[in-house]
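Just the heavy atoms: all of them, side chains too, but no hydrogens, waters or symmetry mates, feed the values below. Along the sequence shown, the residues carry numbers beginning at 1. These numbers come from a predicted model, not from an experiment.
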Amino acid sequence: MMTTRILLASLIALLAAATTAQAKPPTLDRLFPPGAQRGQTVAVTASGSFEHWPVRVWSDAPGVEISPAKEKGQLSVVVSSDAKPGVRWIRLSDEEGATALRPFVVGVLPELVEIESKDKPIVLESSRVTINGRLGKGGDVDEFSVPLKKGETLVAAVDANGLLGSPMDAVLQVASPEGFVVAQNDDDRGFDPRLTFEVPVDGTYVVRIFAFPATPDSTIGFAGGDAYIYRLTLTTGGFLDYSYPLAVTRSDPGQVEAHGWNVPETAKHLAVATDASHDRASLVHPDFANTVDVQLVAHAALTEQEPSDPAHPQAIPVPSTLTGRIAPARDQDIFTFNAKKGQSLNVVVESQSLGAPLDPVLRVTDHQGKTLNEVDDNGKELDIRLAFTPPADGEYRLSIRDLHGQGGDRFVYRLTVAAPEPDYELTLKSDRLTLTPDQAGTFEVTIERKNGFNGPIDVRFDGLPEGLNAPSVRSEPGKDTEKKVTLSLTATATALSGPFRVLGSTADGAMLERPARSVIEGVSATTDRPWLTVLKPAAPKAP
């Protein structure tokens, strides 16, 4: 009898625990296909875990409508015909929490989803297409037969590791109709390859993609798996590499030159449309299969004027941003500027981060030719950031060259010389917060003051729904709050869910507000839109 009572009590306890146990929030590993063409409706598989279905879907931009289908893990994505090309960030949520953000790309060319074809290349009807594919297992190699004509230039570009977070270091090859490899590229933009191929004779060529692990391991051979997804764009039409100049003034952006491959005469000059809320503008044109960004600056935006050599240096004002090019090989560009003794200046040379192959070397000399600074890399970055303080009033000279003596049309750079402006940056450890009513949740905000800024900063939540108590906090130099503050949030309402922001503002109102940003899990991007979930109160335990 006693044993029966003990078993009954244990069963009741287990049932009570199961009733009160909190379900796990959803997770989202990836979307496949990870993109679609404008005007297209596609079925997308959301890989992850979902204890509740359907889920809610949030996206950061208009033009893409996403809704859960009846089958768990399936989404319907409708891309409007006028949607802006580029990346959308998607998050799924339910009453228990939210997933990490994941990218979905709006493309320009017709798109298809790769279907495994054993030992045979997939036959493409056109040389202008974006393929959404997956290297599904170790040793996998995807091949695509594409018809090409003599004189055409084929551009093949992969988006995988950098944009989609795929753990792959991809390799691209083009094979001739006879089976010989005639073009190959491993790394062009980080781990993602890009190549161009000038077609010598008419025929059917094979484009091949395979990969190694982005993080080397003990395996020998080609890598693959569910996470090895990619977007492969093939085109014999227009493809943008960069704009010239790489920066324009925000107040008068004008036009820029389009540089790339297969650039038609009608699209050699593109107008720059600005947005006051952004520091970049995207170049979009129907004759190009992709987009590139142009930086918007508040000061002078210049271009290199040849010859800018030791005998003919180009004078530039401070502040200014200049676009230049190291061409031909062993070229060296020379610029002069005037500065005051003790004046703080930042000298920045960007190239590799813009997708260009230049490995810049910067030298600063005084009017007598004495070298004051010579800089190659900035830590792990190949771009250059130099803090320079002139030792005396006068003229100074900058020289820029490639470390390996290379040069060419693609060896472009963006040089900025300007006084550092006092500023600050806010960073969040996490982009998600979950709490229950009447129980406080906290967000830790890291604060980095820059360029001598030494004022107090008020940090607060923004865009929260009603039913939440969220007092602001102040970060003050010289105190415990100088480098880190903790925001506290208490909910009186239940079952709230949605995005919000954490904003910083200077106490004197001298600077614009700065949003706190956090790293997006699994990809090389950040967001300023964290997510809040307020759970329902737990059911009372059974007696």
Just by modelled atom types, is the [Y] backbone N or O under 3.5 Å from a matching donor or acceptor in the [X] side chain?
X	Y	result
Asp169	Pro213	no
Arg414	Leu246	yes
His285	Asp287	yes
Ser475	Glu482	yes
Ser126	Arg128	yes

Close side-chain approach of [X] to [Y], heavy-atom, < 4.5 Å:
X	Y	value
Glu521	Leu101	no
Val108	Asn290	no
Gln184	Val171	yes
Val485	Ile447	yes
Phe335	Arg397	no
Val364	Val347	no
Leu154	Thr196	no
Phe500	Trp531	no

Basic-acidic side-chain contact under 4.0 Å: [X], [Y]:
X	Y	answer
Glu257	Lys268	no
Arg231	Asp159	no
Lys149	Glu152	no
Arg460	Glu513	yes
Arg517	Glu448	no
Arg474	Asp458	yes
Arg88	Asp60	no
Asp528	Arg501	yes
Arg401	Asp333	no
Glu476	Lys479	yes

Minimum heavy-atom separation for [X] and [Y], please, with both atom names.
X	Y	answer
Gln173	Val181	OE1-CG2, 3.8 Å
Ala175	Arg208	CB-NH2, 4.0 Å
Glu350	Leu354	O-CD1, 3.8 Å
Ala418	Val318	CA-CG1, 4.4 Å

May I have the step-by-step check of salt bridge (charged side-chain N to carboxylate O under 4.0 Å, His left out) for Arg410 and Asp188, ending in yes or no?
CA-CA 12 Å; Arg410 296 190 66 206; Asp188 184 84; 3.5 Å; yes

Does any donor atom in the side chain of [X] or [Y] lie under 3.5 Å from an acceptor atom in the other side chain?
X	Y	value
Ser127	Thr236	yes
Thr365	Thr371	no
Ser518	Arg432	no
His259	Ser243	no
Thr303	Gln305	yes
Asp431	Thr527	no

More than 12 non-hydrogen atoms from neighbouring residues, nucleotides or ligands closer than 6.0 Å to CG on Asp217, yes or no?
yes

Worked check of side chain to side chain contact (heavy atoms under 4.5 Å, CB included) between Leu415 and Ile400:
CA-CA 9 Å; Leu415 165 67; Ile400 299 174; 4.2 Å; yes

Assess the residue pair Glu425 and Arg514 against the criterion (salt bridge (charged side-chain N to carboxylate O under 4.0 Å, His left out)); give the C-alpha distance rounded to whole Å, side-chain angles, the decisive distance to 0.1 Å, and a yes or no.
CA-CA 7 Å; Glu425 186 175 284; Arg514 301 286 186 264; over 6 Å; no

Where do Arg189 and Asp241 land on the salt bridge (charged side-chain N to carboxylate O under 4.0 Å, His left out) test, with the steps shown first?
CA-CA 11 Å; Arg189 300 201 169 200; Asp241 191 23; 3.6 Å; yes

Per the salt bridge (Lys or Arg N to Asp or Glu O under 4.0 Å) rule, what does the pair list look like for residues 302-330, sequence neighbours excluded?
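Output for this query lists Arg325-Asp409.
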
Does Phe239 have its ring centroid less than 6.0 Å away from the ring centroid of Phe288?
no

Determine the sole option in Asn161, Asn132, Asp142 for which the side chain to side chain donor-acceptor pair (under 3.5 Å) test with Tyr230 is passed.
Asp142

